[in-house]
A.B. asks: 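Could you have a look at this structure, given as structure tokens, before my questions?
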Amino acid sequence: MIAGSWIRRMFDEGAILRQRYGDDKVFDLSLGNPIMEPPPEFHQELRRLVENPLPGMHRYMPNAGYPETRAVVADYLSMETGIKFTAGDIVMTCGAAGALNVVLKTLLDPGEEVIVFAPYFVEYLNYVDNHGGVSQVVPTDEQFMPRLDVLEESINQKTKAVIINSPNNPTGVVYSDDVLHNMGEVLRKKEAQYGTEIFLLSDEPYRKIIYDGLEYPSPLHHHPRVIVLTSHSKDLALPGERIGYLAVHPEYSQREELIDGCIYCNRTLGYVNAPALMQNVVRTLQNVTVSVADYQRKRDFLYTHLIEMGYSLNKPQGAFYMFPRTPIEDDVAFVKELQQWLVLAVPGQGFGAPGYIRLSYCVDDRTLEGALDGLGRAIKKFK
Ligand SMILES: Cc1ncc(COP(=O)(O)O)c(C=O)c1O
């Protein structure tokens, strides 16, 4: 709880500052809870369903989800990737978090290892631990791309999976096709060396939030043991509705057994099935996304100002976070300095990367604009 509580701690400290100074005086860039409302199509579909309920639409269903929804998701993934998915490759889940837990429960024997790249989404460590696994943290390079040499050295007989997250929380980087290709080669080399299977778990809730016309490079093209884990928490702004899915690579030779395991674990972990109403709604919304242009505008605004102020950072290519270097080594001290100016950020050490802060720009323009003053004053103090 202590290791994973940075975001929570910022939330609590923010609440105290709000109480003292007033809501509109505090500029909170610490949370990944999108400010955007779901697109109008979501409300239309919800209204249509509520006014014309399908018979039995609130009952139990197969634990994998509605076959019609799984089929639509499979068609959409096939269209996106050019790889032929069918409904049998998909399990509807309670968000990407549910998908990750279901997959880790299905794959891991006690003591098996899962590689995560730092900076990481901190919950990965908890999810691996939930299912008896052991996390191995591997560093990334200056551009936050996985260090493949260290990856190779870190894989051993017990390595069962590698988790990747592109577009990335907290850095905003998108893994290139080249990196994914080389990663696939490393995995297969080590599989051959140890006579094991190593799964690439691709956590993709930000897949559709990608900028500058970039096309999403999918790991599905580079390894047959890829499992995609995703949700509509970010692309349809529905994090509270807990709707997502996992998809197993159709070319994985034992995918039927793996999918059966995932369906079983979806039930026995107590999720039972993904929310019925949401499965019916998102069936018709696979082509719909929140305004990516709006997020890109917010990214450009914050990035331009941070560079002008003298922050050192990579320009995010997707998701809605920035991960600037702190002007002093101690990121917690810098976060405290920002708090003096009523700006809330999360220290990089909460993501396994001290010396950085995470800023979320999925906030309204007033908050972004209001944060600039404090961000400027804080860096000035140490420059
Ligand atoms: C990288 C990453 N993975 C998974 C999740 C969990 O997503 P969901 O809310 O769909 O479970 C999040 C949520 O912020 C995330 O940032």
Side-chain angles (χ1 to χ4, degrees), residues 77 81 83 85 89-91 93 96 99-121 123-141 144-166 168 175-204 207 217-230 246-262 264-265 352:
L77 263 183
T81 61
I83 297 169
F85 282 85
D89 303 321
I90 312 293
V91 179
T93 61
L100 275 155
N101 274 280
V102 162
V103 163
L104 291 168
K105 175 77 172 167
T106 308
L107 290 178
L108 291 179
D109 283 335
E112 284 187 327
E113 296 182 6
V114 178
I115 290 176
V116 300
F117 294 103
Y120 44 69
F121 175 57
E123 307 289 19
Y124 292 152
L125 308 190
N126 300 317
Y127 299 162
V128 170
D129 183 58
N130 281 347
H131 307 296
V134 178
S135 297
Q136 294 292 348
V137 177
V138 166
T140 51
D141 65 18
F144 302 119
M145 288 289 170
R147 289 273 310 270
L148 297 182
D149 51 342
V150 189
L151 171 67
E152 188 166 341
E153 286 160 15
S154 307
I155 294 176
N156 61 47
Q157 188 79 39
K158 286 187 165 182
T159 306
K160 186 44 94 46
V162 175
I163 302 180
I164 55 170
N165 169 224
S166 166
N168 185 268
Y175 290 0
S176 67
D177 224 33
D178 274 357
V179 163
L180 295 168
H181 173 83
N182 294 339
M183 190 180 290
E185 296 214 316
V186 168
L187 297 186
R188 282 188 303 287
K189 180 173 160 195
K190 300 308 269 187
E191 285 178 331
Q193 181 180 340
Y194 292 115
T196 53
E197 289 186 317
I198 304 172
F199 293 85
L200 188 53
L201 309 184
S202 182
D203 180 28
E204 306 180 358
R207 182 174 79 225
S218 172
L220 286 161
H221 299 294
H222 303 292
H223 191 57
R225 279 163 291 289
V226 170
I227 307 175
V228 170
L229 316 143
T230 190
L246 65 89
V248 175
H249 201 308
E251 283 158 29
Y252 173 50
S253 56
Q254 295 179 66
R255 75 179 193 289
E256 270 178 41
E257 191 186 4
L258 177 57
I259 284 277
D260 283 351
C262 290
Y264 182 79
C265 291

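Here, residue 1 is the first one in the sequence, and each next residue gets the next number.
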A.B. asks: Are any non-hydrogen side-chain atoms of Val138 and Ser154 less than 4.5 angstrom apart?
C.D. replies: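 SC-SC contact between Val138 and Ser154 confirmed.
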A.B. asks: How close do Thr140 and Pro119 get, heavy atom to heavy atom, and via which atoms?
C.D. replies: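 In terms of heavy atoms, the two residues are closest at OG1-CD, 3.6 Å.
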A.B. asks: Between CD1 of Ile115 and OG1 of Thr159, what distance do you get to the nearest 0.5 Å?
C.D. replies: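 Answer for the CD1-OG1 pair, Ile115 versus Thr159, is 4.5 Å.
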A.B. asks: What is the minimum heavy-atom distance between Val128 and Leu104, and which atoms define it?
C.D. replies: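 That closest heavy-atom pairing would be N-CD1, 3.9 Å.
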A.B. asks: Excluding sequence neighbours, so at least two apart, what forms side chain to side chain contact (heavy atoms under 4.5 Å, CB included) with Asp129?
C.D. replies: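 Partners of Asp129 under the side chain to side chain contact (heavy atoms under 4.5 Å, CB included) test: none.
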A.B. asks: List in chain and number order the residues that pass salt bridge (charged side-chain N to carboxylate O under 4.0 Å, His left out) with Arg207, two or more places apart in sequence or in another chain; answer none if no residue qualifies.
C.D. replies: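 Applying salt bridge (charged side-chain N to carboxylate O under 4.0 Å, His left out) to Arg207 gives Glu80, Glu204.
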A.B. asks: Measure across Tyr175 and Pro217 and return the closest heavy-atom pair with its distance rounded to 0.1 Å.
C.D. replies: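 Tyr175 and Pro217 have their closest heavy atoms at O-CG, 3.2 Å.
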A.B. asks: Identify the heavy atoms of Cys265 and Val102 that sit nearest to each other, and give their distance.
C.D. replies: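 That closest heavy-atom pairing would be CB-O, 4.0 Å.
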A.B. asks: Any non-hydrogen side-chain atom of His221 less than 4.5 Å from a side-chain atom of Ile83?
C.D. replies: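 Yes, their side chains come closer than 4.5 Å.
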A.B. asks: Measuring only between side-chain heavy atoms, which start at C-beta, is Ile155 closer than 4.5 Å to Thr196?
C.D. replies: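 Result no, sub-4.5 Å side-chain heavy-atom pair not found.
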A.B. asks: Can any side-chain N or O of His223 pair as donor or acceptor with the backbone N or O of Ile198 at less than 3.5 Å?
C.D. replies: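 Side chain of His223 to backbone of Ile198, a donor-acceptor pair under 3.5 Å: yes, one is there.
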A.B. asks: Identify the heavy atoms of Val179 and Leu148 that sit nearest to each other, and give their distance.
C.D. replies: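 Reported closest heavy-atom pair: O-CD1, 4.0 Å.
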A.B. asks: Tell me yes or no: between the side chains of Glu123 and Asn126, is some donor less than 3.5 Å from an acceptor?
C.D. replies: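 There is such a pair between these side chains.
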A.B. asks: List the residues meeting side chain to side chain contact (heavy atoms under 4.5 Å, CB included) with Gln193, not counting sequence neighbours, and say none if there are none.
C.D. replies: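 Lys190.
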A.B. asks: Please report the shortest heavy-atom distance between Leu180 and Pro219, naming the atom on each side.
C.D. replies: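 For Leu180 versus Pro219, the nearest heavy atoms are CD1-N, 3.9 Å.
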A.B. asks: Using modelled atom types and a 3.5 Å cut-off, is there a donor and acceptor pairing between side-chain atoms of Ser202 and backbone atoms of Ile227?
C.D. replies: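 No, Ser202 side chain to Ile227 backbone: no donor-acceptor pair under 3.5 Å.
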A.B. asks: Between Leu229 and Val103, does the side-chain contact (heavy atoms from CB on, under 4.5 Å) criterion hold? Intermediate values first, please.
C.D. replies: CA-CA 9 Å; Leu229 316 143; Val103 163; 3.5 Å; yes
A.B. asks: Should Phe85 and Val228 be marked as a side-chain contact (heavy atoms from CB on, under 4.5 Å) after you check the CA-CA gap, both sets of side-chain angles, and the distance that decides it?
C.D. replies: CA-CA 12 Å; Phe85 282 85; Val228 170; 5.5 Å; no
A.B. asks: State the CG-CG distance between Leu246 and Leu100, to the nearest 0.5 angstrom.
C.D. replies: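 Those atoms lie 9.5 Å apart.
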A.B. asks: What residues form a side chain to side chain contact (heavy atoms under 4.5 Å, CB included) with Pro224, not counting sequence neighbours?
C.D. replies: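 Pro224 satisfies side chain to side chain contact (heavy atoms under 4.5 Å, CB included) with Arg188 only.
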A.B. asks: Can you tell which of Asn130, Val134, Val116 makes a side chain to side chain contact (heavy atoms under 4.5 Å, CB included) with Leu125?
C.D. replies: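 Among Asn130, Val134, Val116, the one meeting side chain to side chain contact (heavy atoms under 4.5 Å, CB included) with Leu125 is Val116.
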A.B. asks: Drop me the distance from Met145's CE to Phe117's CZ, to the nearest 0.5 angstrom.
C.D. replies: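 Taking CE in Met145 and CZ in Phe117, the distance rounds to 11.5 Å.
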A.B. asks: With Lys189, which residues qualify under salt bridge (charged side-chain N to carboxylate O under 4.0 Å, His left out), at least two apart?
C.D. replies: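 Partners of Lys189 under the salt bridge (charged side-chain N to carboxylate O under 4.0 Å, His left out) test: Glu152.
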A.B. asks: List in chain and number order the residues that pass ring-ring contact (aromatic ring centres under 6.0 Å, His included) with His181, two or more places apart in sequence or in another chain; answer none if no residue qualifies.
C.D. replies: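 Result, ring-ring contact (aromatic ring centres under 6.0 Å, His included) vs His181: His222.
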A.B. asks: Mind checking side chain to side chain donor-acceptor pair (under 3.5 Å) for Glu113 and listing every partner two or more places apart, or none if nothing turns up?
C.D. replies: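 Counting only residues at least two positions away or on another chain, Glu113 forms a side chain to side chain donor-acceptor pair (under 3.5 Å) with Gln136, Asn156.
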A.B. asks: Just jot down the side chain to side chain contact (heavy atoms under 4.5 Å, CB included) partners of Gln254, sequence neighbours excluded, or say none.
C.D. replies: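 Result, side chain to side chain contact (heavy atoms under 4.5 Å, CB included) vs Gln254: Glu197, Tyr252, Glu257.
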A.B. asks: Holding to salt bridge (charged side-chain N to carboxylate O under 4.0 Å, His left out), I want the full list of residues that pass it with Glu191, two or more places apart in sequence or in another chain.
C.D. replies: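 Arg225.
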A.B. asks: Given side chains that start at C-beta, do those of Phe199 and Leu258 come closer than 4.5 Å, heavy atoms only?
C.D. replies: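 Yes, at least one pair of side-chain atoms sits under 4.5 Å.
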A.B. asks: Given the rule in the side-chain contact (heavy atoms from CB on, under 4.5 Å) test, do Leu200 and His249 qualify, once you have shown the distances and angles that lead to the verdict?
C.D. replies: CA-CA 10 Å; Leu200 188 53; His249 201 308; over 6 Å; no
A.B. asks: Among residues at least two apart in sequence or on other chains, which ones pass side chain to side chain donor-acceptor pair (under 3.5 Å) with Asp260?
C.D. replies: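 Per chain and number, Asp260 pairs via side chain to side chain donor-acceptor pair (under 3.5 Å) with no residue.
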A.B. asks: Answer yes or no: is there a donor N or O on one side and an acceptor on the other, between the side chain of His131 and the main chain of Thr106, under 3.5 Å?
C.D. replies: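 A pair under 3.5 Å: no.
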A.B. asks: Sequence neighbours excluded, which residues qualify as salt bridge (charged side-chain N to carboxylate O under 4.0 Å, His left out) partners of Glu112?
C.D. replies: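 Glu112 satisfies salt bridge (charged side-chain N to carboxylate O under 4.0 Å, His left out) with Lys160 once adjacent residues are dropped.
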A.B. asks: Go through the structure and list residues passing side chain to side chain donor-acceptor pair (under 3.5 Å) with Tyr124, not counting sequence neighbours.
C.D. replies: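 Side chain to side chain donor-acceptor pair (under 3.5 Å) list for Tyr124, sorted by chain: Asp203.
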A.B. asks: Please test Leu107 against Val114 for side-chain contact (heavy atoms from CB on, under 4.5 Å), starting from the C-alpha separation and ending with a verdict.
C.D. replies: CA-CA 10 Å; Leu107 290 178; Val114 178; over 6 Å; no
